[in-house]
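All values reported here derive from a predicted model rather than from experimental measurement. These numbers come from the heavy atoms of this one structure, side chains and all, not from hydrogens, waters or symmetry mates. Chain naming here is simple, since letters A, B, ... match the order of the sequence lines and numbering starts at 1 in each.
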Amino acid sequence: MASKKVQEDRDAFKRYKEDVKKEGKPFFPYAIFHDTVMSFVVVAVIIGLAVIWKFTVDDGQPGALGPLYEKEADPGTTNFIPRPDWFFYFLFYLLRIFKWPESVVLGTVGIPTLLLILLIMLPFYDRRPERLLLRRPVAFVAAILVVISMGVLTWKGATAKEGSEAVGEVPTWAKEQGFADNAVAVEVATLFAESGCLNCHVYLGAGGQNLGAPELTEEGLKNRGIEWQVAHLKNPSSKVPGSPMPSFADLGDENLTKIATFLEASKGPQK
Amino acid sequence: MAKSARQAQIEKAALYPLDWTEERTGLVGYTKWFLFRNVPRDVNWMQTLGAATLTAFIVQATTGVFLAMYYKPDPDSAYASIQNITNEVTLGWLVRGMHKWGASLFIILMFLHMARTFMFGAYKYPRELNWITGVILLVMGMAEGFTGYLLPWDQTAYWATVVGININATAPIAGPFIAQFLQGGAQIGPDTLSKFYSLHMLVIPGGIMALIGLHMYLVIRLGVTSPPWSPTAAGRPRDEGEEPQGYGAYREGLIREHEEDKAS
Ligand code: HEM
C-alpha cells in the first residue's frame with residue numbers, strides 16, 4: 001500500500017492533469033508564441049554581443065567586451081595571470097579561503113562536491129508538497145544565501161588583484177630582506193618577480209592573492225634546500241603531492257637554481 | 001457550398017505525403033498532439049527560460065559546426081586558425097563571436113532557468129527527474145565551458161587550463177588519474193589540445209543533446225507547473241463539489257471564447 005504522502009502526491013498530480021485538460025490552453029499558439037519571442041531575444045542578444053565585441057575593437061585596442069584574442073600561448077613565459085572563464089570565478093576564489101596545502105582540498109573538491117550532491121538530491125530531501133516560496137522558509141533563506149555567496153565569490157574572483165607589477169617591488173624587497181648591496185641578489189629577485197610565481201603566491205605583500213597559494217616571504221625559514229626547491233619547481237607535485245602549481249621546468253636549470261637560491265635566502269623582513 | 005471535385009483532388013494530393021508519413025510513423029499525429037496539447041493557462045514569462053536555454057544551446061551547436069570547419073586542434077596552428085577565423089573567413093568573426101558570447105549566455109540562462117524551477121518548487125513530485133537531468137546538464141554545460149576555453153590556445157586559455165587541470169589533480173583517489181588523462185603528458189601540449197577538442201565537440205555535446213532529449217521528454221510527459229501563487233493553479237486543492245472554472249473552463253475547440261469577453 002502506498003503511504004499517505006505518496007497517495008496525496010498522486011492525487012495532486014491527478015488534479016493537475018484534470019485541470020490542465022479542462023482549463024488549460026493549447027501549447028500552440030499560446031505558449032509557443034512566448035517561447036518563440038524569447039528565443040528571438042536570445043539570438044538577438046548573442047548577435048548583439050558579437051557585434052559589439054568586434055566593432056568596438058579599435059586598431060588592436062581591446063573594445064568594450066575585451067580583445068578579440070590574447071597573445072598566443074607560451075609555455076615559457078609564466079608571467080601571466082591564470083584566469084578562468086567568469087563562471088568559474090566563484091570556484092577560483094573559494095581556493096583563497098583555505099590554507100594551502102593542508103585544507104585546500106576542501107576548497108577545490110570538498111565543498112563543490114558537497115554542494116553539487118546537495119543540489120542534485122534536492123527533490124529527495126525537500127519532499128513537502130508546498131510550492132509557494134514564501135511558505136518554504138528554509139528553501140527561501142538557503143536560496144538567498146546561495147545567490148549572495150555565489151555573487152560575492154564571483155565578484156571577488158573578478159576583481160582579484162594581479163601580480164604583474166611585482167618587478168617594481170624589487171628595491172623594497174632588497175631593503176626589507178637586507179640584500180640591497182648584493183647586485184646578484186637584486187638581479188635574481190628581478191628574475192623571480194618576472195617568472196610568474198607571484199600570479200599565485202604572495203611575497204612581502206605583493207602578488208596575486210587570488211589562488212590561495214602559500215606565502216613565500218619566509219620560504220627560506222623552512223630550510224628545504226636548493227635541491228628540493230629546484231626539483232619542486234620542475235615538478236611541484238613530486239614534492240608536495242597533489243599540488244596544483246604548474247611546472248616551471250621551461251625556465252631552465254640555471255634560472256631555476258637562481259630562483260631556488262633566492263627562495264632559500266628569503267627569511268622574512270630583517271628588522 | 002461543397003468543394004468542387006477538383007479542389008478535393010488537390011487537397012488530397014497535397015496531404016498525401018503527410019498521410020504517407022503518418023501511416024508509417026505516426027509522427028504527424030504525435031506532432032499534432034504535441035502542438036495542441038493543453039498547458040496550464042496561467043504559465044508565465046519566466047517559464048520561457050527553458051526554451052531560451054534550448055535556443056542558446058542550438059546557437060552553440062550550429063556556430064560550433066562552422067567553427068570546426070576552420071579550426072585546427074594542434075598547438076602549432078590553433079592560434080593562427082583562430083586569427084584566420086576572426087579576420088579572414090567571411091563572417092568568421094560573427095560565428096566566433098556568437099559562439100564565444102553565446103557560451104556565457106547559455107550558462108546564465110541555465111542558472112536563471114534553474115532559479116525559476118527552484119522558485120516554483122517545480123522539482124517536486126513527479127518532476128524529480130527533470131531536476132536531476134537539469135543539474136547534470138548544468139555540470140556538463142560548465143564542462144563545455146572549461147574544455148572550450150583552451151581551444152584558442154592563447155595565454156589565458158593555456159594558463160587557466162594548467163591551473164584547472166592541477167586543481168583536478170588535488171581531488172582524492174580519482175583526481176590524479178583524471179588530471180593525467182586530461183593532460184595526456186608531462187605538460188599541456190598537443191595531446192591535451194586534441195583531447196579537449198574531442199570532449200568539447202563530440203563527447204560532451206553528445207551527452208548534452210541526449211540529456212536535453214530526456215529532459216524535454218519528461219517536460220512534455222508531465223507538463224509544466226502553474227505558478228504556485230496563481231489562484232487558479234492547475235492541481236490546486238478542491239473545495240467539495242467545485243467545478244473547474246476560469247479562462248478556459250467553458251470553451252471548446254482551438255479558438256475558444258471567454259465568457260466575460262462575450263458579454264462585453
Ligand atoms: C541545457 C539545459 C536545459 C534545457 C535546454 C532545458 C529545457 C527546459 C524546458 C524547455 C522546460 C519547459 C519549461 C520551461 O521552459 O521552464 C524545462 C523544464 C524544467 N527544467 Fe529544464 N532545461 C535545461 C536545464 C535545466 C537545469 C539546469 C535545471 C535544474 C537544475 C532544469 C530543471 C527543470 C525542471 C525542474 C523543469 C520542470 C519545470 C516545470 O514543470 O514547471 N533544467 N527545461
Side-chain angles (χ1 to χ4, degrees), chain A residues 9 12-13 15-16 18-28 31 34-35 38-39 42-43 45-47 49-50 53-54 68-75 80 82-87 104-105 108-109 116 119-120 122-124 126 129-133 136 143 237 242-247, chain B residues 35-41 43 45 48 51-52 55-56 59 79 82 86 93-94 97-98 101-102 105 107 118-121 123-126 128 131-132 135 142 145 149 152-160 162-164 166-167 169-171 187 223 228-229 234-235 238 244 246 248-249 254:
Chain A
D9 278 347
F13 189 56
R15 288 199 304 276
Y16 167 86
E18 282 169 12
D19 289 353
V20 170
K21 201 164 168 207
K22 286 211 188 105
E23 322 171 343
K25 57 186 183 186
F27 177 65
F28 179 91
H34 289 102
D35 285 346
M38 189 65 169
S39 298
V42 168
V43 175
V45 169
I46 295 178
I47 293 180
L49 286 169
W53 173 64
K54 164 82 179 178
L68 296 179
Y69 27 72
E70 312 274 341
K71 289 208 200 68
E72 183 165 8
D74 179 357
F80 201 83
R83 199 174 264 291
D85 220 344
W86 65 266
F87 46 85
V104 80
V105 74
T108 55
V109 190
L116 195 60
L119 188 68
I120 207 165
L122 173 65
F124 298 110
D126 178 12
E130 180 58 58
R131 297 197 300 117
L132 194 63
L133 198 56
R136 293 152 59 203
S237 56
S243 167
M245 176 169 147
S247 161
Chain B
L35 286 176
F36 297 112
R37 79 195 198 281
N38 273 1
V39 296
R41 65 198 169 81
V43 286
W45 275 101
T48 62
T55 305
V59 168
Y79 185 73
I82 290 287
T86 318
W93 63 268
L94 180 63
M98 285 177 73
W101 295 103
L105 206 66
I107 304 270
F118 180 84
M119 191 168 113
F120 279 43
Y123 51 84
K124 301 190 174 191
Y125 176 90
E128 294 95 333
W131 177 265
I132 291 175
V135 175
M142 294 185 74
Y149 203 60
W153 203 252
D154 57 22
Q155 285 282 59
T156 336
Y158 186 87
W159 292 104
V162 170
V163 176
N166 287 331
I167 286 175
T170 63
Q187 264 210 331
W229 54 83
R238 294 276 186 276
L254 170 58

### Summary
Note: B/Y123 and A/P123 closest approach over all heavy atoms is O-CB, 3.4 Å
### Message
Just so I understand: if I count every heavy-atom pair under 4.5 Å between each of B/G102, B/A56, B/P126 and chain A, which residue has the most?
### Response
B/P126
### Message
Tell me the closest heavy-atom pair linking B/M98 and A/I46, and the distance in Å.
### Response
O-CG2, 3.5 Å
#### Entry: Donor-acceptor contact below 3.5 Å, side chain B/K124 vs main chain A/E130
yes
### Message
Quick check on B/W153 against chain A: is it the side chain, the backbone, both or neither that has a heavy atom closer than 4.5 Å?
### Response
both
#### Entry: Interface residue of largest heavy-atom contact number with chain B, from A/A12, A/A50, A/S237, under 4.5 Å
A/A50
### Query
Would you say the side-chain atoms of A/E23 pair up with the backbone N or O of B/R41, donor to acceptor, closer than 3.5 Å?
no
### Task
To the nearest 0.5 Å, tell me how far A/L133 CG sits from B/F118 CZ.
6.5 Å
#### Entry: Distance (rounded to the nearest 0.5 Å) between A/W53 CH2 and B/L94 CG
9.5 Å
### Message
Any heavy-atom pair between the side chains of B/R238 and A/E18 that's under 4.5 Å?
### Response
yes
### Top contributor to chain B interface from A/V45, A/D85, A/L49 [non-hydrogen pairs under 4.5 Å]
A/D85
### Task
Return the minimal non-hydrogen interatomic distance between A/D74 and B/Q155, and the atom names on each side.
N-OE1, 3.0 Å
### Query
Sub-3.5 Å donor-acceptor pair from the side chain of B/N38 to the main-chain atoms of A/V20, do we have one?
yes
#### Entry: For A/V42 against B/A52, the heavy-atom pair lying closest together
CG2-CB, 3.6 Å
### Message
Between B/V43, B/V162, B/I132, who has the most heavy-atom pairs with chain A when the cutoff is under 4.5 Å?
### Response
B/I132
### Message
Could you check whether any side-chain N or O of B/D154 sits under 3.5 Å from a backbone N or O of A/Y69, counting only pairs where one atom can act as donor and the other as acceptor?
### Response
no
### Residue, of A/V43, A/I120, A/L116, A/L132, that accumulates the most heavy atom pairs under 4.5 Å with chain B
A/I120
### Message
As an exercise, state the distance from OH of B/Y79 to CD of A/E70, rounded to the nearest 0.5 Å.
### Response
8.0 Å
### Query
Within the distance-only criterion (no hydrogens, no angle test), does the side chain of A/R131 pair as donor or acceptor with the backbone N or O of B/F120 below 3.5 angstrom?
yes
### Query
With sequence neighbours left out, what residues match A/R15 under side chain to side chain donor-acceptor pair (under 3.5 Å)?
none
### Any residue meeting ring pair (Phe, Tyr, Trp, His ring centres under 6.0 Å) with A/W86, in chain and number order, not counting sequence neighbours
none
### Task
Report the distance from atom CG of A/L68 to atom CH2 of B/W93, rounding to the nearest 0.5 Å.
10.5 Å
### Task
Sort B/L105 into side chain, backbone, both or neither according to what part of it lies under 4.5 angstrom from a heavy atom of chain A.
side chain
### Task
With rounding to the nearest 0.5 Å, note down the distance linking CD1 in B/I82 to CD in A/E72.
11.0 Å
### Smallest separation among heavy atoms of B/V39 and A/A31, with atom names
CG2-CB, 4.1 Å
### Message
I'd like to know whether the aromatic ring centres of B/F36 and A/F27 sit less than 6.0 Å apart in this structure.
### Response
no
### Message
Using heavy-atom distances under 4.5 Å, tell me whether A/F87 contacts chain B through its side chain, its backbone, both, or neither.
### Response
both
### Query
So, for B/W131 and A/L122, which heavy atoms are closest and what is the spacing to 0.1 Å?
CZ2-CD2, 3.4 Å
